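Residue indices begin at 1 and follow the sequence shown. Below, each value reflects all heavy atoms present in this structure, side chains not excepted, and no hydrogens, waters or symmetry copies. Keep in mind that what you see is a predicted model, and the values were worked out from it rather than measured.
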Amino acid sequence: MTRREIREHVFKQLFLAEFYNSEEYREQCSLYREELEEANQEEKQELSRKAADIAEKIPQLDEQINKVAQGWKTNRMGKVELTIIRLALYEIGEDEDVPTKVAINEAVELAKLYGGDDSPAFVNAILGKLAKGME
């Protein structure tokens, strides 16, 4: 499985967090991973670890997002865009294997696939501000 595919599966699992309480969320993620025929056991463990780590850090990620998202606090953002931004912000701040530019580019690509017409520009703008603040 490629890094892009892993990222997309992590995004899908994180998206579930918007609709379930923590116990149901873990169960839904487990069911999701069980259905992934293209992933081996090691990849499924990586998906589980990364999604769980990001989900645990949602309050801290949202705090960072809210500092730069003028007029668009996390409670007003679309769930798709918010999930993509959280994932990319986590990669920028926590995943040393993913360069900032790659995390932003991949987030924009996810926004093109799963968001609305304005999603890629919105995601890019928020992540650009966040990345600038982290330099």
Side-chain angles (χ1 to χ4, degrees):
M1 189 176 293
T2 67
R3 282 181 178 251
R4 181 171 276 186
E5 291 169 329
I6 289 171
R7 184 177 286 108
E8 188 170 349
H9 288 299
V10 169
F11 160 74
K12 289 176 181 178
Q13 288 179 87
L14 285 175
F15 190 70
L16 295 171
E18 294 295 320
F19 303 99
Y20 297 99
N21 68 38
S22 61
E23 187 175 313
E24 291 171 326
Y25 168 70
R26 286 190 294 276
E27 185 178 328
Q28 290 298 318
C29 285
S30 179
L31 291 170
Y32 176 85
R33 286 187 302 275
E34 284 176 21
E35 297 295 318
L36 282 178
E37 295 175 5
E38 70 269 22
N40 63 38
Q41 196 59 34
E42 186 178 308
E43 291 166 333
K44 287 180 182 182
Q45 288 174 344
E46 181 181 351
L47 292 172
S48 175
R49 180 201 55 77
K50 192 169 184 178
D53 196 30
I54 297 170
E56 187 178 297
K57 290 181 167 84
I58 285 176
Q60 295 92 333
L61 296 170
D62 286 359
E63 187 178 315
Q64 288 180 270
I65 296 165
N66 283 327
K67 286 180 183 176
V68 301
Q70 299 161 341
W72 283 98
K73 301 300 181 196
T74 54
N75 63 348
R76 290 190 61 217
M77 289 182 191
K79 293 182 186 329
V80 168
E81 292 80 8
L82 179 57
T83 302
I84 292 169
I85 293 167
R86 286 172 175 161
L87 172 57
L89 180 56
Y90 172 85
E91 288 184 332
I92 292 167
E94 303 285 333
D95 194 335
E96 295 174 5
D97 294 337
V98 181
T100 299
K101 289 181 180 182
V102 172
I104 293 172
N105 184 60
E106 291 294 321
V108 170
E109 292 303 315
L110 281 172
K112 288 177 184 176
L113 279 173
Y114 295 101
D117 292 341
D118 297 331
S119 296
F122 178 75
V123 167
N124 189 50
I126 297 295
L127 290 173
K129 288 180 181 180
L130 285 163
K132 237 181 191 175
M134 296 173 86
E135 291 178 342

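Between E27 and E23, the closest side-chain pair of non-hydrogen atoms is not below 4.5 Å. Inter-residue side-chain proximity for D62 and L82 is flagged as met; some heavy-atom pair is nearer than 4.5 Å. The closest side-chain heavy-atom distance from M77 to I65 is below 4.5 Å. The shortest distance between side-chain heavy atoms of Y114 and T83 does not fall below 4.5 Å. Considering only heavy atoms from C-beta on, E24 stays 4.5 Å or farther from F19 through its side chain.
Under a 4.0 Å N-O distance rule, the pair K50/D95 qualifies as a salt bridge.
Taking the salt bridge (charged side-chain N to carboxylate O under 4.0 Å, His left out) definition, one finds that D118 meets it with nothing, sequence neighbours left out. Scanning for salt bridge (charged side-chain N to carboxylate O under 4.0 Å, His left out) contacts around K44 gives an empty result, with sequence neighbours left out. Scored by the side-chain hydrogen bond (donor to acceptor under 3.5 Å, both in side chains) test, E18 finds R86 as partners (sequence neighbours excluded). Taking Y25 as the reference, nothing meets the ring pair (Phe, Tyr, Trp, His ring centres under 6.0 Å) condition, with sequence neighbours excluded. For E38, the side chain to side chain contact (heavy atoms under 4.5 Å, CB included) criterion is met by M1, H9, L36, not counting sequence neighbours. K57 is linked by a side chain to side chain contact (heavy atoms under 4.5 Å, CB included) to D53, Q60, L61, Y90, E94, counting only residues two or more places apart in sequence or in another chain. By the side-chain hydrogen bond (donor to acceptor under 3.5 Å, both in side chains) test, D117 is found to be paired with no residue, residues two or more places apart in sequence or in another chain being considered. For Q13, the side-chain hydrogen bond (donor to acceptor under 3.5 Å, both in side chains) partners are R33, not counting sequence neighbours. Evaluation of the side chain to side chain contact (heavy atoms under 4.5 Å, CB included) rule for Q70 yields K129 as partners, not counting sequence neighbours. Take T2 and apply the side chain to side chain contact (heavy atoms under 4.5 Å, CB included) test, not counting sequence neighbours, and it matches R4, E5. Every residue two or more places apart in sequence or in another chain that forms a side-chain hydrogen bond (donor to acceptor under 3.5 Å, both in side chains) with S119 is listed here: E81.
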* Evaluate the criterion side chain to side chain contact (heavy atoms under 4.5 Å, CB included) for residue pair L130 and I92; output intermediate values, then yes/no. => CA-CA 9 Å; L130 285 163; I92 292 167; 5.8 Å; no
* Passes side chain to side chain contact (heavy atoms under 4.5 Å, CB included), R7 versus V10? Steps please. -> CA-CA 5 Å; R7 184 177 286 108; V10 169; 5.7 Å; no
* Test log, rule side chain to side chain contact (heavy atoms under 4.5 Å, CB included), inputs L87 and L110 -> CA-CA 10 Å; L87 172 57; L110 281 172; 4.0 Å; yes
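In terms of heavy atoms, A88 sits closest to A103 at CB-O, 3.9 Å. A131 approaches I104 most closely through the heavy-atom pair CB-CD1, 4.0 Å. In plain terms, the two heavy atoms of L14 and A51 that are nearest each other are CD2-O, 3.6 Å. Closest heavy-atom contact between A111 and V123: CB-CG2, 4.0 Å. In this structure, N124 and V108 approach most closely via the heavy-atom pair CB-CG2, 3.7 Å.
E35 places no side-chain N or O within donor-acceptor distance of the main-chain N or O of Y32, the cut-off being under 3.5 Å. Side-chain N or O atoms of N66 include one that pairs as donor or acceptor with a backbone N or O of T74 at under 3.5 Å.
In the hydrophobic clustering of ILVMFWY residues, with side-chain heavy atoms under 4.5 Å counting as a link, I58 and F11 come out apart. Both F122 and L113 belong to a common hydrophobic cluster when Ile, Leu, Val, Met, Phe, Trp and Tyr are linked at side-chain heavy-atom distances under 4.5 angstrom.
Here V102 is tied into one hydrophobic group with V98, each link being a pair of ILVMFWY side chains closer than 4.5 Å.
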